[in-house]
Amino acid sequence: MSNSRSVIVVGGGIVGLCTAHYLAREGFAVTLVERNAEGADSCAQGSAGYVSPSHVQPISSPGMVWQGLKWMTSSRSPFYIKPRLNLDLMRWGWLFARHCTPEHTQRAAPVLAQHCLESRKLIVELAAQTGNNFEFRTEGLFNLCKTQETLDKYSHGLAALANSVGVEARTLSAQETAALEPGVRMDIAGAIYFPIDAHLSPRKFMPALIALLKQQGVTFHWSTSVTGWKTSGGRITGVVTSAGELTADAFVLATGSWAPETLRGLDIALPMQAGKGYSLTIEQPRLKFTKSAILSERRVAMTPMGDTLRFGGTMEVSGHDDAVRPERIEQIIAAAQHYYPDIHAEDFAGVKPWFGYRPVSPDGMPYVGRFARHENLIAACGHAMLGITLAPITGHVVTELLAGKKPGVDLSLTNPDRFA
Ligand SMILES: Cc1cc2nc3c(=O)[nH]c(=O)nc-3n(C[C@H](O)[C@H](O)[C@H](O)COP(=O)(O)OP(=O)(O)OC[C@H]3O[C@@H](n4cnc5c(N)ncnc54)[C@H](O)[C@@H]3O)c2cc1C
């Protein structure tokens, strides 16, 4: 379909790139504005690369308040909120606590499952379209459980929830798990296995998307920051950037954890915290894995990414603070050894820690939809641990909204004005 309307996508992370792709495919004239240079780091690059419909439980889940309070006492814990007097953080924390209920999980799980499953289909399409040059593998995902107690808890909790919303989850004994990953010794009681989950190499996915956008005729403004907005009569008319003003018919906010500060001047409150995570990539691993796995008790993710092996995790809510905390890196290495006895600390020798900032909303749901205050501004941010999984469906549904089509997925829980 040809469409003469123009759209500016602000932010060139995974969500901005996917959004630009679907908009250009629909015939929009697309301009992407990104403050970093082409090919620079972003939150997706060092991520675990999961395409994970298994993540049907929002991060604000029952028990998280108590668990979070316990974890807050230690900067070595998987989830750490650095206590500080900050009004935005206090409001976010209050909203987060209010959503840690079984009712919120029951509402959110079917919506997350629908978005994740539809997005996975779009990634299958993208892999076919690009010759799968980003190592997309449909091997499934384990939630490895060290103890029987955790296995029982996950079996009755996450696995039951996933199955209830159409995401298959199987509870496996240690022997059954080993049969599916025969090349590696695991010291576990068992696992939950999600056959529909998949993974990819984000460092290859992002350049593949940029190459696709170039073919599609998208205009890029790299190394260009959006610093303000031009408005008239309730509409956005342009963005003020470090390289001058740009105008368009519509605008997409895809600046991840920086979305609240990008909105400055528009009088829009968008509760969001940066959830810092770390990863370590072993370039030439001794052990060969086929499936990715979450080391459940330690909340660490392992991905066999192409020929490399990546371990990552931890959620540190401490603002955009670029300090690398060695104790967090030590926890990831210790977790790897705890579940895989043949992995040694020396395997990580010389590996440079990577970190990125997840954009975390207080209810664990992304912000996708039009802002009431400026109806030609669309939110596409706040995907927390699911930004890679959900980037394609987010771009797709943003395109449907701008093309005046009925959205193909349920947006009832993703309204960007829901906390206004
Ligand atoms: C350790 C770790 C593991 C993860 N594992 C997974 C996983 O396995 N699966 C999964 O689905 N997700 C995973 N995630 C989450 C996922 O990486 C993020 O949700 C996703 O990358 C967020 O993408 P984004 O495009 O919204 O934000 P970003 O990647 O942060 O992109 C936002 C972009 O906006 C730009 N920007 C900001 N402000 C401006 C401005 N004013 N003007 C112009 N540009 C601006 C920034 O430079 C940035 O490039 C993981 C995250 C971490 C940290």
Side-chain angles (χ1 to χ4, degrees), residues 8-20 32-55 59 78 112 115-116 119-120 123 141 197-202 205-206 209 221-229 239-243 246 252-265 272 274-281 292 294 299-303 305 310-316 320 328 332 353-361 366-368 379-395:
I8 290 179
V9 177
V10 186
I14 191 73
V15 175
L17 294 180
C18 284
T19 303
L32 188 132
V33 186
E34 164 57 48
R35 69 176 172 195
N36 288 331
E38 178 178 347
D41 199 17
S42 72
C43 184
Q45 306 263 12
S47 74
Y50 293 173
V51 177
S52 45
S54 60
H55 284 45
I59 177 176
L112 283 173
H115 283 231
C116 289
S119 209
R120 186 188 184 283
I123 296 180
L141 170 102
D197 276 23
H199 63 264
L200 51 77
S201 297
F205 191 35
M206 302 209 40
L209 285 169
H221 290 271
W222 301 111
S223 307
T224 305
S225 289
V226 167
T227 55
W229 304 85
V239 281
V240 183
T241 80
S242 50
L246 297 169
V252 180
L253 178 76
T255 50
S257 58
W258 292 275
E261 66 182 63
T262 319
L263 286 172
R264 213 168 280 149
M272 180 101 80
K276 187 172 171 188
Y278 295 88
S279 71
L280 300 165
T281 306
S292 23
I294 294 176
R299 306 285 208 277
V300 164
M302 179 282 291
T303 316
M305 208 170 267
R310 182 171 292 175
F311 287 89
T314 87
M315 175 77 87
E316 183 185 312
H320 289 112
R328 301 215 144 262
I332 293 174
W354 170 94
F355 64 85
Y357 298 107
R358 304 176 186 91
V360 189
S361 69
Y367 295 113
V368 183
C381 52
H383 295 78
M385 326 225 291
L386 282 171
I388 293 170
T389 308
L390 294 180
I393 191 63
T394 298

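Each ligand, and each atom within it, is numbered from 1 in the order the structure gives.
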With a cutoff of 4.0 Å, is A254 in contact with ligand 1, counting heavy atoms of the residue only?
yes

I'd like the name of whichever of E34, E261, R310, M315 reaches closest to atom 49 (O) of ligand 1 through any heavy atom.
E34

Rounding to 0.5 Å, atoms OH (Y50) and CD1 (I388) come to a distance of 11.0 Å

Could you tell me whether S279 approaches ligand 1 through its side chain, its backbone, both or neither, with non-hydrogen atoms closer than 4.0 Å?
neither

Could you tell me which atoms of ligand 1, counted from 1 in the order shown, lie closer than 4.0 angstrom to a heavy atom of A48?
3 (C), 4 (C), 5 (N), 6 (C), 8 (O)

So which bit of N36 gets within less than 4.0 Å of ligand 1, heavy atoms only: side chain, backbone, both or neither?
side chain

Heavy-atom pairs closer than 4.0 Å: do any link ligand 1 to the side chain of V51, the backbone, both, or neither?
neither

Find all atoms of ligand 1 within a distance of less than 4.0 Å from any non-hydrogen atom belonging to S225, and give their numbers and elements.
42 (N)

Using a 4.0 Å cut-off to any heavy atom of A384, which atoms of ligand 1 qualify?
15 (C), 16 (C), 18 (C), 19 (O)

Can you list the atoms of ligand 1 that are under 4.0 Å from a heavy atom of G356?
53 (C)

For L386, the ligand 1 atoms whose distance to one of its heavy atoms is below 4.0 Å
10 (C), 11 (O), 12 (N)

Proximal candidate to atom 22 (C) of ligand 1 [heavy atom criterion; set G13, P359, G256]:
P359

Residue, atom name and distance, where the atom is the protein heavy atom closest to atom 30 (O) of ligand 1:
W258 CZ3, 3.5 Å

Decide whether the shortest distance between a heavy atom of C381 and an atom of ligand 1 is less than 4.0 Å.
no

Atom indices of ligand 1, in the order listed, that fall short of 4.0 Å to a heavy atom of Y278
1 (C)

